[in-house]
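Down below is the structure, laid out as structure tokens.
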Amino acid sequence: MEPDDNSPTIPEQNAVPPTTQKNVVFPDTNDEAAPWELPAQPAKAPGGGPKLGLGFSIGLIVLGIIIISVVAALSFNKSPSDVAVQATATLTATATTNAITPTATSEPINSNDASALVTQFYSFVSSQQYQNAYYLLSSAQQKQLSEQNFAAQWSQVKQVTIVPNSIQVNIDPSGATATVSLSYQELVAVGGQVEQLEMFNATLNVLYDQGNLRIDQITASNITPTATPTLAPTATPTLAPTATPTLTPTTTPPPNTSPSPTTSPAAAG
């Protein structure tokens, strides 16, 4: 029977196998699957490929950006925020390297703090705690003077006494530095046994170094008065009295008289 012209046309690849085969699939010698066993093919766009939505394209772009960011972060082994913090810290450290002046965030120097720092310094020296005294010096001073040389400079000093009420603090108008002036006495060992007392005037510069108040420079001058030797009075020699010579009286001889003239007898007659 011929098909009716008004009946739908069934594609050949989707035709139902003849009923005479009883739906039994015989193996093909070319091992190719039967047409009805092939998976359904997706509909193709007129351009020749499947259509991709706009949202899918944007998603791929965002995913690519995320992947690039992750790879860049892993290459530095740090997150972007850590890299920014490190860059800021590096710039700050570079700007303050070897700086002995206070940073912009340092507080102005307080006169009481400056006075206490200097008093503590001489207290450590007086008790032979040279390491503690050395740590109160600025980093610039420690570079110029080793701890061993610092201890050697004070090794002969047995005691340091600050003259009461001699400390004066002058703070720079900017508040960044201060000058501390004072007088002190040293009990110095001479020859290992003899001790003598010496007087000094000192000026110390104080500033903030790496966030800590430190002594940057010390200038001292010896003002010990030189004793004037007392001369023993010179004895005036006593002169022995000169004896007055005794004169021996001389005997005055009698006056020389002429003999009386002899009267001749004839004359007498």
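All values reported here derive from a predicted model rather than from experimental measurement.
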Which pair of non-hydrogen atoms, one from [X] and one from [Y], has the smallest distance, and what is that distance?
X	Y	value
I223	F200	CG1-N, 4.0 Å
K158	Q128	O-NE2, 3.4 Å
V125	A133	CG2-CB, 3.9 Å
M199	N222	O-OD1, 3.1 Å

- Message: S146 vs N149, test: side chain to side chain donor-acceptor pair (under 3.5 Å). Steps then yes/no.
- Response: CA-CA 5 Å; S146 67; N149 292 338; 3.2 Å; yes
If you measure from [atom1] on [X] to [atom2] on [Y], what distance do you get to the nearest 0.5 Å?
X	Y	atom1	atom2	answer
I109	I171	CD1	CD1	7.0 Å
F121	I162	CZ	CD1	10.0 Å
L117	N110	CG	CG	12.0 Å
D209	L207	CG	CG	6.5 Å

Distance-only donor-acceptor pairs under 3.5 Å for side chains of residues 179-187, two or more places apart:
residue : atom : partner : partner atom : Å
S183    : OG   : N201    : OD1          : 2.6

- Under 3.5 Å donor-acceptor, Y134 side chain and L145 backbone: yes
- S138 and D216: side chain to side chain donor-acceptor pair (under 3.5 Å), yes or no, with the steps? CA-CA 5 Å; S138 67; D216 184 56; 2.9 Å; yes
- Residues in side chain to side chain donor-acceptor pair (under 3.5 Å) contact with T161, at least two apart in sequence or another chain: none
- Message: Using a 6.0 Å cut-off, check whether atom CD of Q120 has over 12 heavy atoms from anything other than its own residue.
- Response: yes
- Message: If you count every heavy atom of other residues, nucleotides or ligands that lies below 6.0 Å from N165 atom CG, does the total exceed 12?
- Response: no
